[in-house]
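So you know, we letter chains A, B, ... as the sequences are listed, proteins then strands, and number each from 1.
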Number of protein chains: 2
Amino acid sequence: MRLTSKGRYAVSAMVDLNKQQNGPVTLAAISERQFISLSYLEQLFRCLRESGLVKSVRGPGGGYLLAKTAKDISIAEIIRAVNEPVRTTMCENGVRGCHRGNRCDTHQLWESLGQHIYRFLDAVSLEQVCAKDAVLDHIELGNVEDYLSSRTLPEGSVKIEAIS
Amino acid sequence: MRLTSKGRYAVSAMVDLNKQQNGPVTLAAISERQFISLSYLEQLFRCLRESGLVKSVRGPGGGYLLAKTAKDISIAEIIRAVNEPVRTTMCENGVRGCHRGNRCDTHQLWESLGQHIYRFLDAVSLEQVCAKDAVLDHIELGNVEDYLSSRTLPEGSVKIEAIS
DNA sequence: TATAAAGCCGACTATTTTAGTCAAGTATAA
DNA sequence: TTATACTTGACTAAAATAGTCGGCTTTATA
């Protein structure tokens, strides 16, 4: 998972989409409200649609709708949708593995951090971002010990960068 | 705070440095062990020195030493040291603030995430990374509610990217 | 005091990623 | 049948990152 303005744009657009109540929302409208170029939005929404987060209605009066309720869409999903598929660079894979230098020592650290970010963003729903004053349950998000003990990552998990 | 390979290189180099026990360590030696170019290491160590994490000994037999004990150096410090100073892009600052689109809605989310990452990396010391089998205290790292309630950030805090 | 080891420093280049554009489609409501 | 709006792929520009180069300064030691 990369944390760039691309992902932020996508989240802003989804927040906008969720706020509109009356039928399909055109990208042109989102573009005006969110100050994101139409062409760029098209690119983002292609990803969002392919990930099953939004559905499109073509033709006049068309636009985009959320494919699920806002409660069931996490911020992590949105960000993952608009970024490249994760290349999981585990120790075992590839020629530039962890056998060089101290990378293996630090590998676990980066992986744990990735998990940490993932858990955070996965625990926040689109609905929560739209209604910031809601009272949320306390969610335990892990601790430093994780980075010593954790071995397995959920499928399609977090990547900060190419982690060797 | 940016999470790039630059920061990872710096952490690897610091791990290497901490593992050596006998006097100053030359960059040439670290370069060989960690497969990082000498020139690049010079650049990194300039930052590390200016941040007070290492001290240098010039002349023959010289090299670098940790300026503090490994227990007192956090991973966050190392990463901050080699990255540009944080430009805190708060709502109030600059012309491209939060008055455009939904950015203000999501601003708090990104800031909270930044804090979250910061807390994680600040809770892990260089010593802990070097001795992964140590038993660590459980450290509470915050929850989703933070992102609703938190308003202030520590000086020189985390940045994921230019957060508008 | 000459020499070589080692850090110090600034400017430069290359590469990659990100952001954004363009042009030419297709589906469909009115 | 026409205008709206999504669809798609290729392209370009800008920025950030990664890495290089050349020359300088300090200092232990022979």
Side-chain angles (χ1 to χ4, degrees), chain A residues 1-13 17 20 23-32 34-51 53-65 67 79 82-87 96 159-162 164, chain B residues 1-10 12-13 17 20 23-32 34-51 53-65 67 79 82-87 96 159-164:
Chain A
M1 172 177 300
R2 266 168 277 166
L3 301 165
T4 67
S5 65
K6 192 175 190 178
R8 289 203 307 281
Y9 280 150
V11 173
S12 288
L17 189 53
Q20 313 306 318
V25 181
T26 69
L27 293 188
I30 296 175
S31 171
E32 276 189 19
Q34 305 302 326
F35 303 89
I36 306 169
S37 86
L38 178 60
S39 307
Y40 201 44
L41 276 177
E42 287 173 349
Q43 197 173 298
L44 297 177
F45 272 76
R46 188 196 309 192
C47 299
L48 294 170
R49 185 172 49 82
E50 286 167 354
S51 296
L53 299 179
V54 300
K55 55 192 172 189
S56 63
V57 179
R58 298 179 70 154
Y64 285 94
L65 298 164
I79 293 175
V82 298
N83 282 309
E84 299 299 299
V86 177
R87 350 165 220 151
R96 302 180 54 187
K159 160 172 157 299
I160 307 303
E161 257 249 327
S164 69
Chain B
M1 173 176 300
R2 265 166 278 168
L3 301 164
T4 66
S5 67
K6 193 174 188 178
R8 290 203 306 281
Y9 280 149
S12 289
L17 188 54
Q20 315 304 319
V25 181
T26 68
L27 294 187
I30 296 176
S31 171
E32 277 190 19
Q34 304 302 326
F35 303 90
I36 306 169
S37 88
L38 179 60
S39 307
Y40 202 44
L41 276 176
E42 285 177 352
Q43 194 173 300
L44 297 176
F45 272 77
R46 190 193 308 189
C47 299
L48 293 170
R49 186 171 48 82
E50 286 167 355
S51 296
L53 298 179
V54 300
K55 55 191 172 190
S56 63
V57 179
R58 298 180 70 155
Y64 286 94
L65 298 163
I79 293 175
V82 298
N83 283 308
E84 299 300 299
V86 176
R87 353 166 218 148
R96 302 179 54 187
K159 160 173 157 301
I160 306 304
E161 259 249 326
I163 298 171
S164 70

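If you take CG of B/Leu65 and P of C/dA6, they are 14 Å apart, rounded to a whole angstrom. In this structure, the CD1 atom of B/Ile79 is 15 Å from the C1' atom of D/dT17, given to the nearest Å. The CD atom of A/Glu32 sits 14 Å away from the C1' atom of D/dA5 (whole-angstrom rounding). B/Arg49 has its CZ atom 12 Å from the C1' atom of D/dT25, to the nearest Å. Here D/dG19 presents its P atom at 10 Å from CG of B/Leu44, a figure rounded to the nearest Å. When rounded to the nearest whole Å, the span between CD1 of B/Ile36 and P of D/dA18 equals 12 Å. Atom CD of A/Glu50 is separated from atom P of D/dT7 by 9 Å (rounded to the nearest Å). Between the NZ atom of B/Lys6 and the P atom of C/dT16 there is a distance of 18 Å, rounded to whole Å.
A donor-acceptor contact shorter than 3.5 Å is absent between the side chain of B/Thr26 and the backbone of B/Gly63.
For B/Val82 against B/Gly7, the heavy-atom pair with the smallest separation is CG2-CA, 3.9 Å. The two residues B/Ser31 and B/Leu38 come nearest to each other via the heavy atoms OG-N, 3.6 Å.
B/Ser39 pairs by the side chain to side chain contact (heavy atoms under 4.5 Å, CB included) definition with B/Ser37, not counting sequence neighbours. For A/Glu32, the side chain to side chain contact (heavy atoms under 4.5 Å, CB included) criterion is met by no residue, not counting sequence neighbours. Scored by the side-chain hydrogen bond (donor to acceptor under 3.5 Å, both in side chains) test, B/Gln43 finds no partners at all (sequence neighbours excluded).
Screening B/Val54, B/Leu41, B/Leu17 against B/Leu48 for a side-chain contact (heavy atoms from CB on, under 4.5 Å) leaves a single residue, B/Val54.
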Could you go through nucleotides 21-25 of chain C and list every protein N or O atom that sits under 3.5 Å from one of its N or O atoms, giving the distance for each pair?
{"unit_1": "C/dT21", "atom_1": "OP2", "unit_2": "A/Ser37", "atom_2": "OG", "d": "2.8"}
{"unit_1": "C/dT21", "atom_1": "O4", "unit_2": "A/Gln43", "atom_2": "OE1", "d": "3.3"}

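Of all nucleotides listed (C/dA4, C/dG7, C/dT28), C/dG7 comes nearest to the side chain of B/Tyr64. Taking only side-chain atoms of A/Pro60, from C-beta outward, the nucleotide of C/dT28, D/dT27, C/dG10 with the closest atom is C/dT28.
The residue A/Val25 sits close only to the backbone: its heavy atoms come under 4.0 Å of sugar-phosphate atoms, none of a base.
Along DNA chain D, the nucleotide nearest to A/Arg46 and the one nearest to A/Gly61 differ in position, and the one closer to the 5' end is contacted by A/Gly61.
OP1 or OP2 of C/dC8 sits under 4.0 Å from a side-chain N or O of B/Ser56. Distances shown here put every side-chain N or O of A/Tyr9 at or beyond 4.0 Å from the OP1 or OP2 atom of C/dT18.
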